[in-house]
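Have a look at the structure below, then the notes.
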Amino acid sequence: MRNARGIAAGVVAIAALLTTVVALQMDRERRFPQAEPAQQILYVNSPAVLTRLALSYDALVADLYWIRAIQYYGGTRLSEQGDKSYELLFPLLDLTTSLDPDFNIAYEFGAFFLSEKKPGGPGQSDLAIKLLEKGLVARPDRWQYPYDIGFVHYRDGNYNVAADWFERAAKTPGAMKQGERADMWLIPLAANTRATGGDTRSSRVIYEHLLTSEAAWLREDAARRLKKLDAIDRIAELERRTREYERRFGDPPPTWEHMVQAGLLPGVPLDPEGHPYVLNPWWGDVTVSRDSPVWPLPTENPA
Amino acid sequence: MRTIGLVALHVFRDSVRDKVLYSIVAFAVVLMAVSYLIGQLTAGEDLKIIKDLGLAAMSLMGLFIAVFIGIGLIAREIDRRSIYAVLAKPVRRHELLLGKYLGLVGTLLVNLSVMAIAYYVVLAYIGTTLSPAALKAAPAPPTDPRLLLAVLMIALELSLVTAVALFWSTFSSSALLSAGFTVALYVAGQFGADLKNFEQVVESPAAGMVGRVLYYVLPNFAAFDIKAEVVHALPLPAGYLAMTTLYAAVYIAALLIASVMIFARRDFK
């Protein structure tokens, strides 16, 4: 009995002391707030050194750096102030892929997000290509890496170079694998990119392919971009109709209702997110609403 | 042979009494907690990360057990002076040593086997949470039987580490020193490629030769690391696995013979 009472007293004492510790810590932090580190630091920069430090746990350390790269990218993108240069993104992905050269998604992530244009993204197409070329050295059989290099060039408007890489991707052994046959759509994509440059057909092929990606974030991003392409195609169609209105009545339509009354539209046109398209009554050109999630379109300046 | 078996059983029971098998519980808890957290922290590759983590955790926990219990197998008996009582019984020194070794290796194998079962259970669960697209894109199914090859290589590596730890503890009275030597040899054994190519970074041919000799003489622990190949479903020639298994067996035999020879001549006064 006495023993049980002693244990209970001990447990109560420990609980009380731990509660005091937590309270003390909270109070200290309230009185003396600690400054957040101004910027993130990469303690080990050298992939060669880190690979040795990881001993035989390099795949696990690669996973940790991959998680850190994701968190860094997301944190930087969502932060409303501070450094938005994404200067650690490439080193983090470089370390990840040095520790695990078969970490496919790290290369794909690099291609997609390093090459994203400023101000939304890092605008580091050169580093994206460097990362993918490293992947290509590790796995020359994978068609995805030359395809991703083509994608980066396509995004930068280098359509001929992009087409060259799409062709190269189609010729890699992996592209011709049974059940995959990526060459079947890579060859037309290359031809189309070379012939018509940045038209929406090529972009659509690229993003529709990304819809089948393993990573949910890539699929979501591709779906978002496909909606933008839908909006671009719809705008082209709407502008053809506003020109038809102008040809009939001498002036561009002042409102969508005028177009409906003229029988050129069945109703007010809505973008893929359900927002009405914006009509410029002076020139008859059409764009998306700034309230719509599809704004800005790739053809617009978000500034 | 019977004496060796009895000593081995005693070591196994001792390990159970020392709560060594608690590491299995720790492993299962860590793996389940991480499998939940991974989904929140990363973007894709959840399956790969959990596979990597499981194999690394098995290897790390086994390494701690092999080193810290391995060095104490003989040193503790000497320290407690219970070695006199043991050797006064009809137990020959080499039987004691081999029994101790097999007992710890048995503990490690039981540990690894149960961890592997827990690992497959967690992977099967993760498989049910993944989308069909993610499963299709994964290089191997969640419960890929080839993962057992990596577990087998971990078991061989740990058996070799145990033999190294036992070897040092036969002539060093200090457990700390034995642990230091074992860990140092384990780390050096991970730098096989650097030692082999040492001549490319030094000017002296003699230094290059020393590096090359060390590469062949020191246990090459890096050779047992096939975790990445298995997780990425890369080809693994059966010949490589067979030769690595044989390498471990021969190296362990050499270390055990050396340990028996040193232990037979050791004066406990």
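Model, not experiment: these values are computed from the prediction. Every chain is numbered from 1 and lettered A, B, ... according to where its sequence line falls, protein lines coming before strand lines.
- Within residues 227-249 of chain B, the residues that have a heavy atom under 4.5 Å from a heavy atom of chain A are B:Lys227, B:His232, B:Leu234, listed by number.
- For B:Leu176, the CG atom is loosely surrounded, since the number of other residues' heavy atoms within 6.0 Å does not exceed 12.
- Scanning residues 144-169 of chain B against chain A with a 4.5 Å non-hydrogen threshold yields no residues.
- Looking at B:Ile226, neither its backbone nor its side chain comes within 4.5 Å of chain A, counting heavy atoms on both sides.
- Only the side chain of B:Tyr186 comes within contact range of chain A, judged by heavy atoms closer than 4.5 Å.
- For B:Ala222, no part sits under 4.5 Å from any heavy atom of chain A, backbone or side chain.
- Atom NZ of A:Lys134 is surrounded by more than 12 heavy atoms from other residues, nucleotides or ligands within 6.0 Å.
- Against chain B, the residues from residues 49-58 of chain A that qualify, each with a non-hydrogen atom under 4.5 angstrom away, are A:Arg52, A:Leu55, A:Ser56, A:Tyr57, A:Asp58 in number order.
- Interface remark: of the candidates B:Leu55, B:Leu130, B:Val187, B:Leu60, B:Leu60 forms the most heavy-atom pairs closer than 4.5 Å to chain A.
- Contacts between residues 110-128 of chain B and chain A, counted as heavy-atom pairs separated by less than 4.5 Å, involve no residue at all.
- Contact of A:Asp100 with chain B is made through the side chain alone, with heavy-atom distances under 4.5 Å.
- How far CH2 of A:Trp66 is from CG of B:Asp52: 13.5 Å, rounded to the nearest 0.5 Å.
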